[in-house]
Every structure is written in structure tokens, then in C-alpha cells.
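Inspection log for the structure reproduced underneath, given as C-alpha cells.
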Amino acid sequence: MSDIFRTLIVPVTTAPFARDIAAALGGPGGAYMWQTPLAPSVDGPATHYVSSGWIPPAWQVMVPTQTWAQDADGSWTLVESTPGDPAAVIAGCAAAGLTVDPLALADLYAVADVTAQEPWAAFARLGLVMVQPEIDT
Amino acid sequence: MPRGVVGGLSRASVVEALVMPPAAAASERLQSLAARVREDVTYPGVADIARRLFGAGELGGVWDARRLNTLWQDAAGTIPVTAPGDPVGRWDSLVRGLSVATPDDARRPLWQTDGTAAWLNFDGVDDVLWTQTAVDFSGTTDALFGVACRREKLGVQVVLFQGSTIAGTNTLGLFSQAGSTPPFRTPAIGFFAGSPSFVEVTPERQETVLSLLITGRVSRPNGWARLQRNGTDDTPITMGAAQPTYASGILSIGARVFGTTTPDFSGLSAHQGRIHGVILRMAPSSAAEQELVDQTLRRWANWSQVPTP
């Protein structure tokens, strides 16, 4: 199967947990996910982290996903969602040596924003922008 | 890449409709590109680059997005890039065996071609390729570098980087834009902790979409740098006191990855847009060699004239 495109956004507080799961399920690259900080303003502080790109299709069934539609007035409506497969995630992590608390995973699923939207569209929907590190010296 | 895609439309369907050509057209583009690469046996071909810039064992790398035999969908280099839209998980240098890669699939840029030029399209969010082990430039004091790219957003964006921190004294940095507020500084290279600590070319370029052919030479012992943007010389830069050598660390393309052995993404500043090619040579270099880099990148990007925004 071909890779799928997803924009995955998680709150800062859940990012380490999400990285641990991704590393267990997807190998060492998973630990590098959710490193780009987002916030209501470019000055931060970060409230969320984003990963966006083409990922293995197995993610499609394991993580919850949402589909949003934008009305003429610009407001967003959730038109479809999938629950993900927490049992598969817990089993996969266990096989990799990571014990996952089902309640913690449920909490992560509840706050994770996972869509096929371009990242900039997802940021706008959530009222977030990328935190811009300054390099002026 | 299209923006503003709303829920209900999968990205794949949008890409297929708006970006990806029909299979026959894609095949035609690939054949056209391959023919163009085959023509590249004359000046300034890669053999010429290898001989003139790296013939004496100079460190560095040459990355040409037109060459499919250097592009892989996975970091391990087992799945070749074969078609427009394929994600790039590893990009091999044509010299010195230096590869940049990402084991994080979501960070892969996408390969694209129009039949004459080719490029990696970075998303400006998290896409970046980096050497998976440290590259040791600690014995070098001079650098010659160039990149052909197209910036597609405003804000700090890094196209080539090696350094342990933003302001590390050994930092090698090349920016497609170096300021997040006007007056923007485009492009720029970083010396950091020197005098001046930061060097720029042509400030106040505020176009969101900007094609850039950036080349530069840096000589730390002699305290100077020479930068060009789109073939135009900048005022020679005096760095003041002699600078230290470059360092050993992770080298990244498309964004800034800190670190000597473990990647640190805290200062990513990802480039959004195209990167056609990158040339990096860690050795004292002449104006003629900088011109060779300019002409080579110009050919790779199919810019017969100076690119304009």
C-alpha cells in the first residue's frame, strides 16, 4: 500500500507520550515526530506540536482521524471521524517493549487532531501558527 | 503544494487532480529529465565538479535532485524514487559518499520534476534531511557552498546547516531568509560569535515566493566572506578577528538540525519550497570555483537567465 498524507497535531503535554508510541511502533524515526512547535502567536510559548507528511498506511487504522468541512462563512464542521485502534496500538507497543496505559492512550486520542488537511489549513482551523525561533544575533 | 484543502477531500485526490500529471505525462517528464541529465557530460558536468572541486580529497558533498539514482523513499536506501510526488527519505551525494536522510517518514520532502529541472519540495513545517552520523569538518577553516532553491513563505528558513547551537562559534549556516520581520535578510550565512556575528546579502527582499541561487565562500583565517545572490556580488564581508575552524556534527538540508551526534529539532526553521541542488566544499576556494558552483546550479535548476521572483 502507498503511504498516506496526514497532519498530526498533539498538545505539548501529550507529545512525549505520543513520541514514545511512535518510536515503539514505527522505529527510531518515530521519536523525531512532533517537534515543530505551534502556538496562538509566533512568539509562543508552544501549546502544540505538529508532524505532517507521508506516513505508512498502517497509521491510518491505528490513530483516530477527523474530516472537517468549511462552511461559506469560514466555520469548520466535523463531518466524519474514525476512532483508531487503541488495542492494536497497545499490542504493538507491548511487542516492542513499551507498556501503554489504556487510559492515557484514550486521553491522547481525545485531544489528537489528525486529518488529511494541509498543515497550514489545519493550523488555521485550530487558530495556531508555527512558533518562529529568532536567529537575529 | 495546494493550500487550503478542507476536510472531506483527501490530499491524495487533490494531489492527483492538481499536481500529479497523468501517468503518460509523468513518464514523458521522466524521460525528458533523464535525457537532460545524460547531456550533462559536458561542462559543467558532475565529473567536472568532482575533478575540479573534490579532486584533491576535499570534504563536502554534491546533491543534484535531477539524479534519480541518488534518491530513495526510505532512509535505508532500499526503495528508489521513481515518479513525481514520491517522498524522499534519503538523498545521496554524488561525491564523498555523504548522504542525508530521515528515518521519520513524516519529514520526507517530495520529489518533483517539470521535465527539465527537478527539485525536492520541502513543506516548511517539519521536512528535513540530515546526516545520520556526525560529519567531521573540524580540520577545515574555509567553505564554498551553493544552493538553488525557491522560497515560498516568509520567515526564518534554513537550507543548509551544521552546528550544535544557533550561536555556536563553529556554525555553518545558509539561509533562504534570515529574518522574520522587515527588513528581511535574504539570503544570509551565519558565522555567529564573530564580528559581524551574522552576514547577509541584499536585505529587504520581501517577496513570499523568491527563486534564489545563493553561492558563498568563507575564509575564517582571513576573516572574509564573499556572497552572491542570483549572480550578483555582495559587498565583500570582513569578519574581523580570525575565526575558529568548523566542527564535527550533524549536517542538515532543508532545515536546521542541531547536534553533534543526536539530532535536536528545537531550532528547525524549515525551508518551504524547492531545493534543486546543494554543493558544499570545505576548502579554500577561488572566485572561479565559486563561479563553477553558480553555473552548475543554474543548469540544474534550468535557469538560463538570472531567476527573478
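Atoms considered below: every heavy atom in the structure, side chains included; atoms not considered: hydrogens, waters and symmetry mates. Chain letters run A, B, ... following the sequence lines, proteins first and then strands; every chain starts at 1.
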(message) Taking every non-hydrogen pair under 4.5 Å, which of B:Ala255, B:Gly124, B:Pro109 racks up the most with chain A?
(response) B:Gly124
(message) Checking the side chain of B:Asp126 only, and the main-chain atoms of A:Ser52 only, is there a donor and an acceptor separated by less than 3.5 Å?
(response) yes
(message) With chain A as the partner, which of B:Pro263, B:Ala270, B:Pro87 has the greatest number of non-hydrogen pairs under 4.5 Å?
(response) B:Pro263
(message) Is A:Met33 close to chain B through its backbone or its side chain, or both, or neither, when contacts mean heavy atoms under 4.5 Å?
(response) both
(request) Give every residue pair that meets the side-chain hydrogen bond (donor to acceptor under 3.5 Å, both in side chains) criterion with at least one member in residues 20-43 of chain A, sequence neighbours excluded. (result) none
(message) For a quick test of reading the model, state the closest non-hydrogen atom pair linking A:Ile55 to B:Ala106 and the distance between them.
(response) CG2-CB, 3.9 Å
(request) Write down the atom of B:Arg108, the atom of A:Asp3, and the distance for their closest heavy-atom approach. (result) NH2-OD2, 2.5 Å
(request) Working to the nearest 0.5 Å, report the span between CG of B:Leu268 and CE of A:Met130. (result) 8.5 Å
(message) Can you tell me which portion of A:Ser51 sits under 4.5 Å from chain B's heavy atoms? Options are side chain, backbone, both or neither.
(response) both
(request) Would you indicate whether the side-chain heavy atoms of B:Val125 and A:Trp120 approach each other to under 4.5 Å? (result) yes
